[in-house]
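Structure first, then comments.
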Amino acid sequence: MSESAAKKIESKFSDGISESPQSAYQPNLRILVVDDEPEILKSYSDILNPDAQDSNVVALRSTRSKAATKVSEAVPVTEFEVIAVDSFDKAITAVEEGVKAGRPFSLGFFDVMLGEGPDGYDLVKQIGAVDPKMYAVFVTAYNDRSIDSIQDFLGSDKTQKWDYLNKPFSHGEILQKARSFTRLYNLTEEKLLKDKQLEEVRRQLLESEKLSSVAAVARGVSHEFGNLLMQIMGKADLCLVTDNQEKMKEGFEVILNATQRANSILERFKDLSNPHAKYEPRQNFYVHEVIDEALLLMEHKIRTSELKVSRIRTDHVQIEGYKTAMLQVIVNLTLNAIHAMGDRGQIDFTVSDLGLEAEIRVRDYGPGIKEESLKKVLEPFYTTKGSEGTGLGLPICQEIIEVDHRGIFRVQNHGVKGLEVVMQIPKVTEV
Amino acid sequence: MIGAVLEPNFDLPVLLIDDDAMVRDVVAQYLESFGFTKVHQLGDPQKALKYLNDPLNPIGLIISDWEMPGVNGLTLLKAVRNHPVRKRVPFVMITSQRSMERFKITQAAQMRVSSYLVKPFRAETLKTKIWEILGWDAIEKNKPA
């Protein structure tokens, strides 16, 4: 492989790592308030951002409304970031700038009557085109429009994106709407992020499966190749010094056969593109941290299925190697376990300090594997998942454990129930 | 070179172990071309293990492949180093797995392998290694140019 090609692979991987799957979700608590009356805007800020204000009594009186409500609730307030604007145009600008800066709003409170020109409904419709994720609460003193007509206006696909409040509103109403909509927004976004991160790890896994499969296959045939090259080099070397015609002829025949055999082996490599490139530096790390990260990544998958994850034992043991590769091993083994149990059951993780080695056990409570098939699970291209599996998962895990981490990788049926993967990796010895 | 330089002794019995008949044949012919007269070839590492464990068999040099089914080269090397009679017999290891090379060299070095060769190698390379480990006078090399 050329140097530039190697660099390309490396940078591809480091790119993949920079959008690290481990980044935590930052909740979005930005709220936009739109009202043409400065007093009302101030009331919103008092409710949602009360720190500097007297939050206890918020009498919200619309000048258009004769009614007023007095509320005195001492509720701890989430720290919302409130941006208050008094016109249609400023609202649009604020939303656009927020999206551009990567700091969108999760929710907006919209006064319906915004003086002359387009009203709050128009505003929300237009905002929907800029930032479809944002939630909206209409706040009006007039029942000028029925709920149905608003729905018709905004479109039925937006139904879950908006709500409705009458002026005068109470402290509690605003606070509760703000809380529940930002929570809804953040739960949705967090799930999307987690899914994206899991997808990224899967993609990396697949990528490294493709790359490692080359390593695995290459290791398998390198012996074969070494022997063929030995025949070719050896016979040529011997032909060079012999005067015996018969011996020379025999030598050339061996050389020809060997080249043909080598060529037929190469045919098998056609669709396997690049050799495995190491894409992260070796480092010392704790085994249990990798399991923590893997479980964090699969949190959603685990939460949405009937799975119980049990940490039987968690010794703090350091090993040396490739953390991302280890993460992929754990993710892969966990997904295998989930697959084996059909989305319900229990997975046990055990990390033990064996003195010289760290031992990791991943055990499921599925049906296990028949003894005669057990031998085959580590063979490349063997799969129980039909078209879903590449049959490379376990061989690559084995490759990562045994070659990259000088460890032992074993797959066995658990004495009681289920399948157990046992990995033993040399510990980092403290100096 | 350290120590006394010896005249080559081509009657030295050589044990050659490789499960690949073609490769074994090439190495045997290399040895023959060097002048060795007593090369015992074995293709089955299990038989090789038995052969070298029997103290009656004459062995002055062992050349073995690493990657063999069942009993590999390292097992044979360990058996030799733990054998009361054989433990000083020079052992040349041949391998083809480059991906594991460093790891294997370390392992082999721990068992005091005499020399380590990665396939493919030319006759001259093997000859130099053998002459070196046996402390033989490298006649050709010492000739004035």
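Values reported hereafter were calculated over all heavy atoms of this structure, with side chains retained and with hydrogens, waters and symmetry mates removed. Residue numbers start from 1 in every chain, and the chains themselves are labelled A, B, ... in the order their sequence lines are given, proteins ahead of strands.
- Sorted by first and then second residue, the side chain to side chain donor-acceptor pair (under 3.5 Å) pairs involving residues 26-38 of chain B (not counting sequence neighbours) are B/Asp11-B/Thr37, B/Asp25-B/Gln29.
- The distance between the ring centers of B/Phe36 and B/Trp136 falls below 6.0 angstrom.
- For the pair A/Arg282 and A/Tyr322, the cation sits on the ring face: its NZ or CZ lies under 6.0 Å from the ring centre, inside 45° of the axis.
- Aromatic ring orientation, B/Tyr51 versus B/His40: parallel (interplanar angle below 30°, classes split at 30° and 60°).
- For the atom pair A/Arg410 CZ and A/Glu402 CD, the distance stands at 10.5 Å (nearest 0.5 Å).
- Chain B is approached within less than 4.5 Å, heavy atom to heavy atom, by A/Lys247, A/Glu250, A/Val254 from residues 246-254 of chain A, ordered by number.
- A salt bridge does not link A/Lys427 with A/Glu357: every distance from a Lys NZ or Arg NE/NH1/NH2 to an Asp or Glu carboxylate oxygen is 4.0 Å or more.
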